[in-house]
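Take a look at the structure below.
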Amino acid sequence: MSVDKDTVNKIARLSRVAISDAEADKMVGELNGILAWVEQLGEVDVTGIEPMTAVIPNKLRLREDVVTDGDVRDKVLANAPAKEGSFFGVPKVIE
Amino acid sequence: MTDFSRLGVAAIRDGVAKGEFKAVEVAEALNARVSAAKALNAFIVETPEKAIEAAQAVDADRAAGKPLGKIAGVPIGMKDLFCTEGVQTTAASHILEGFVPTYESTVSANLWKAGAGMLGKLNLDQFAMGSSNETSYFGNVISPWRRNDGSTAALAPGGSSGGSSSAIAARLCPAATGTDTGGSIRQPAAFVGISGIKPTYGRCSRWGVVAFASSLDQAGPMARDVRDCAIMLEAMAGFDPKDSTSLDLPVPAWEAGLNSDLKGKRIGIPKEYRLDGIDEDIAKMWDNGIAWLKDAGAEIVDISLPHTKYALPAYYIIAPAEASSNLARYDGVRFGLRDLPDGAGLQDMYAATRAAGFGEEVRRRIMIGTYVLSAGFYDAYYTQAQKVRALIARDFENAWASCDLILAPTAPSAAFGLGEKNADPLSMYLNDVFAVPASLAGLPAMSVPGGLSKEGLPLGLQIIGKALDEQAVLNAGLAIEQRSGFTAEAGEWW
Amino acid sequence: MSEYRIQGNTGEWEVVIGLEVHAQITSESKLFSGSSTGFGAEPNSHVSLVDAAMPGMLPVPNRECLRQAVRTGMAINAQINRWSRFDRKNYFYADLPQGYQISQLYHPIVGEGEIEVTLNEKDPDSPTKKIGIERIHVEQDAGKLMHDQHPTMSFVDLNRSGVALMEIVSRPDISSPQEAGAYLKKLRSILRYVGSCDGNMEQGSMRADVNVSVRKPGGELGTRTETKNVNSIRFMMQAIEYEAQRQVDLIESGGAVVQETRLFDPNKQETRSMRSKEDAHDYRYFPDPDLLPVELDDAFLEECRASLPELPDAKRARYEAMGLTAYNAAVLTAEAETAFWFEDLLAEGVDAKQGSNWLMSELFGALNKMGKTLDESPINPKQAAELLGLVADGTISGSIAKQVFEIMLETAAQGSIMAASAIVEEKGLKQTNDTGAIEAEIAKIMAANEDKVTEYRSGKDKLFGFFVGQTMKAMQGKANPQIINDLLKKVLG
């Protein structure tokens, strides 16, 4: 599988990273280089192997249903680039 | 007068406890060294007042006869991937410039509770993505080391914990925190001739650590010797209910358990690590390491880790995939940079903010990660990589049938010059070839100095242990440390 | 179940409908953080650093949310997956702080099940149909955007961000708006019985994404559209009608249905394309590396099962076995509130038949007049039971009970309900068993209505009721009706 410039632009859009034409051109080569290299994984026989789910055997712990957090609006909003009263502000979204 | 820069963690802790000197004296001395070493660019933010404040508290406690913490009075450096309340935390990225957390990471909180003080926030590769500390928005970190040919070429301190390695090697701090996703503690430790251990995945809480690749990220200490690493790790580790992958186990007394007698231990030497065209200095150091461990009473066995060559490609699918998702939260809405071009809508704002905020390597990895997870490619890349990862973990499991520890080089070469490997991202990635397998398997692994290259640069030996067996790893590290006679230091040129 | 067909120019079309219902799981705290789920709080106050996706924050799952999803699965006889996992669904939107929603794609906690629905759940003879459930998975809700507070900005409130939802995905087994309505009603009823969701569509605790396609009867499946976030049963039915008709018109005029996300506009009663969200979706699902697989043990599953209440279908069958009419049993069990109210009444020792008749005629009638729901009833089961107890033990007659009930409602409306026994006492409404007094009144009535006595004796049996009524009236309703009956039969012969 090799990527072309359209694919690079599509991936950039999906990643929400603006990309210039020149950057896209450069990225085509880089991505193809890296992808060609990782594709050697295809040689590995993985018959009957389950994908890894937990690196170290461990069991998911479940929390009790108790309110222990929240009510920290000032902390939540402290770093907001555009704080509007008690809200985060974003460019108007038309749905 | 004591040169406090020459004291390690244990020496400072013991000296403070015994009243040989005051914690404040140590903090003042190291604050001065930090501020005089700007040429290394090891720190993004210096926090001398924090170091002093913590030291004063320790001195006051001691004066009041109160019990002191495990590392009371020891000023340390904090990798700028750990969120620190009230102190800017950036992950060395423009996108987090000016971000001041309202919370403290569990690991850093554990250290402060144990009596450590913070000298500052250490530079790193942006979002911990890099092996040379050249991806930081705040500039390259320079290694204190120089080649022995008289050249003044700036060398890489390794990465991503390059600020940590440089600062410790330059004796700006006795120890620092690091994080290791695919070698980010061990490789920089090797490059500057210090020690560093990545514990078993789940030993140190990830809560409050800026995430790179969640299934791989693991914090650990870096210091100038094995004992100091053990002391630091004891203070950093521990169960944290806020991290679902945290291991609910007591923290062993690693320092007390240190023992360099390796009688009865079997050391595996993986044949697959002996790559074609392996660097001559590296090969020699490895042989020395084998001899030292034998001398310490260990039995040497040849082992095979057949899927080793696939570890790095698997890593470069899994880590970018996780990163592409973990870094989606940097969107200019709740914190960090916002780039809002005139008339831009929400999605344009995201794209502009992230293009302006993320460095080139971060963008590259986000793109790779997005691609390998995208529709139609997920199974071929991601699922396949996770299956290969399972095979790599199984290789280690099989190896433990015939050995207790594995000895290998930490990196395939000594430190390279800044800029030397920038042209091709792949050649940079290959620097983690020996470090990544243990990361993928979540195993404890340590780098200790193993000698010098022909250019007079440090080389590191890596010890990989069974899950949860940090003690055996530290003990083997100590055995090497006692035999390698590694005393080389970087000249103080800065 | 219903033959719903759209008449097009080219013949008949049938509609294929599948529903994805998002139901907010009843819990105190959020799915992955300890913040409150309380409704109507100040903006961004029920938000933790985890919900706001601050750097380094990590999710820790809430046991109760998983428990409720499992109980719901058990209630629809679904397969419960002991091993499930959370996946990340990646997309960028201002109401999604992490840049991904933690959901379950590959391994949901609940697998296949089914729900039996009837078009009219109150009609025991209404035909039934089984609607397949493909899966139930647990996921995070998003925050909320407000668009009308500022000329150039939308405002983000994360209070709902991270609240637990169950997504209940049906098979495309639904073939008419009415069936869809019946399915949603039944599902809501089950959720309320189980207690896993309050089913409150107005507050957004339950909303449906509606997948609609059309095809020639028995033909190949058509391209479907998904109408998002429909928040009432009526709107959903309207949306299906509109959307099916739109698709038929489109195809018949030579166009093609585009697979897309649409929005229902309740004012215009039409669906429209959500162009803003059409941006090539590729959610890049993968297992959330911050979480381990969910493994449910026997003890957990046993507790879930043991804590399940009796469900509507089983309850209805039991009520019928207790002697209730099929109609009464159906009405009493259709909604959880009614069933729970009735159960409380039975728990107070009320006879099932007496209780069901009273509930359905007297209480429902009164509530209807007041425009109130059972939840808002001024009289509680305990108070009702006391009233019905007075009838059962012969203290008052049924007709007096109606008067007493009215007084209870009046006093309740005035602020303090008076107990039935106190009313009977105060107004002297106790039923009399004094046969002498009743006989005296009967004698008077017979004397005053000789003509009717003659008619009765010549075979006009219906007049018996007239004599009962007259006697009861003369006794001011306080005579024991059984005694009146017996005495009248004796004297009338």
Side-chain angles (χ1 to χ4, degrees), chain B residues 81-83 89-91 96 99 101-103 105-106 127 202 205-211 213-217 240-246 318 321-322 324-331 333-336 343 345-347 349-351 354 369-378 382-383 386, chain C residues 32-34 44 47-62 85-102 105-106 143 145 147 152-158 161 276-294:
Chain B
L81 206 60
F82 294 84
C83 290
T89 300
T90 65
L96 273 178
F99 171 63
T102 55
Y103 51 96
S105 81
T106 299
F127 280 101
S205 169
R206 294 183 295 114
W207 195 89
V209 187
V210 175
S214 312
S215 75
L216 294 152
D217 294 345
D240 182 2
K242 291 187 287 189
D243 174 357
S244 294
T245 59
S246 172
I318 293 163
E322 293 183 10
S324 70
S325 177
N326 282 337
L327 269 57
R329 66 188 57 196
Y330 305 98
D331 60 5
V333 176
R334 295 163 321 286
F335 43 79
L346 178 69
Q347 301 294 342
M349 179 188 91
Y350 290 154
R354 292 162 61 80
T370 302
Y371 182 74
V372 299
L373 290 177
S374 65
F377 299 113
Y378 172 75
Y382 188 80
T383 307
Q386 288 289 20
Chain C
F32 293 113
S33 86
N44 288 309
V47 180
S48 70
L49 300 170
V50 176
D51 308 317
M54 302 305 274
M57 293 300 98
L58 298 170
V60 182
N62 181 339
R85 206 169 58 183
F86 286 104
D87 300 306
R88 292 185 182 177
K89 176 182 183 178
N90 295 284
Y91 66 95
F92 288 87
Y93 205 58
D95 62 8
L96 189 73
Q98 293 165 141
Y100 55 84
Q101 177 195 34
I102 306 179
L105 175 72
Y106 297 108
L145 286 183
H147 306 297
T152 60
M153 275 202 265
S154 293
F155 286 0
V156 186
D157 173 12
L158 298 177
S161 167
S276 63
K277 284 208 168 182
E278 248 181 80
D279 193 13
H281 272 169
D282 184 343
Y283 292 124
R284 289 158 284 135
Y285 281 97
F286 76 110
D288 191 324
D290 284 331
L291 293 164
L292 296 154
V294 181

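First the proteins, then the strands, lettered A, B, ... as listed; each starts at 1. Source: prediction; values computed, not measured. Side-chain atoms are counted along with the backbone in the values below, which use heavy atoms only and exclude waters and symmetry mates.
For Pro241(B), the part lying under 4.5 angstrom from a heavy atom of chain C is the backbone only. Of the two parts of Ala213(B), neither the backbone nor the side chain holds a non-hydrogen atom closer than 4.5 Å to a non-hydrogen atom of chain C. Contacts between Tyr285(C) and chain B at a heavy-atom distance below 4.5 Å involve the backbone alone (N, CA, C, O). The parts of Val210(B) that come within reach of chain C are both its backbone and its side chain, each placing non-hydrogen atoms under 4.5 angstrom from that chain. For a residue to count as touching a neighbouring chain, one of its non-hydrogen atoms must lie under 4.5 Å from one of that chain's; by this rule Ser374(B) touches chain C with backbone and side chain alike. For a residue to count as touching a neighbouring chain, one of its non-hydrogen atoms must lie under 4.5 Å from one of that chain's; by this rule Thr89(B) does not touch chain C. With a 4.5 Å cut-off on non-hydrogen atoms, Phe82(B) does not touch chain C at all. Using a 4.5 Å cut-off between heavy atoms, Asp217(B) does not touch chain C at all. Neither the backbone nor the side chain of Leu216(B) comes within less than 4.5 Å of any heavy atom of chain C.
Between Tyr330(B) and Pro55(C) the shortest heavy-atom distance is OH-CB, 3.5 Å. When all heavy atoms are compared, the tightest approach of Asp282(C) to Ala375(B) is OD2-N, 2.9 Å. Closest heavy-atom contact between Gln347(B) and Phe92(C): NE2-O, 3.1 Å.
Applying the ring pair (Phe, Tyr, Trp, His ring centres under 6.0 Å) test to Tyr100(C) and every residue at least two apart in sequence or in another chain returns nothing. Applying the salt bridge (Lys or Arg N to Asp or Glu O under 4.0 Å) criterion to Arg206(B), with sequence neighbours excluded, gives Asp243(B), Asp290(C).
Listed options Leu158(C), Thr152(C), Leu96(C), Leu58(C) were ranked by heavy-atom pairs under 4.5 angstrom with chain B; first place goes to Leu58(C). Ranked by non-hydrogen atom pairs under 4.5 Å with chain C, the options Gly208(B), Ala321(B), Ser215(B) are led by Gly208(B). Looking only at heavy-atom pairs under 4.5 Å with chain C, the residue among Thr370(B), Thr383(B), Asp331(B) that has the most is Thr370(B). The choice from Ser154(C), Pro61(C), Gly34(C), Pro97(C) that makes the most heavy-atom pairs within less than 4.5 Å of chain B is Pro97(C).
To the nearest 0.5 angstrom, Arg88(C) atom CZ is 9.0 Å from Ser324(B) atom OG. The distance from the CZ atom of Arg334(B) to the CG atom of Asn44(C) is 10.5 Å, given to the nearest 0.5 Å. Here the CE atom belonging to Met54(C) is positioned 10.0 Å from the CZ atom belonging to Arg329(B), to the nearest 0.5 angstrom. Here Trp207(B) contributes atom CH2 and Leu49(C) contributes atom CG; the two are 6.5 Å apart, rounded to the nearest 0.5 Å.
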Verdict with reasoning, Phe286(C) to Gln386(B), per side chain to side chain contact (heavy atoms under 4.5 Å, CB included): CA-CA 11 Å; Phe286(C) 76 110; Gln386(B) 288 289 20; over 6 Å; no
Tyr382(B) and Arg284(C): CA distance, side-chain angles, deciding distance, side chain to side chain contact (heavy atoms under 4.5 Å, CB included) verdict: CA-CA 11 Å; Tyr382(B) 188 80; Arg284(C) 289 158 284 135; over 6 Å; no
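At least one donor-acceptor pair closer than 3.5 Å links the side chain of Ser244(B) to the backbone N or O of Pro59(C). For the pair Tyr350(B) (side chain) and Ala94(C) (backbone), a donor-acceptor distance under 3.5 Å is present.
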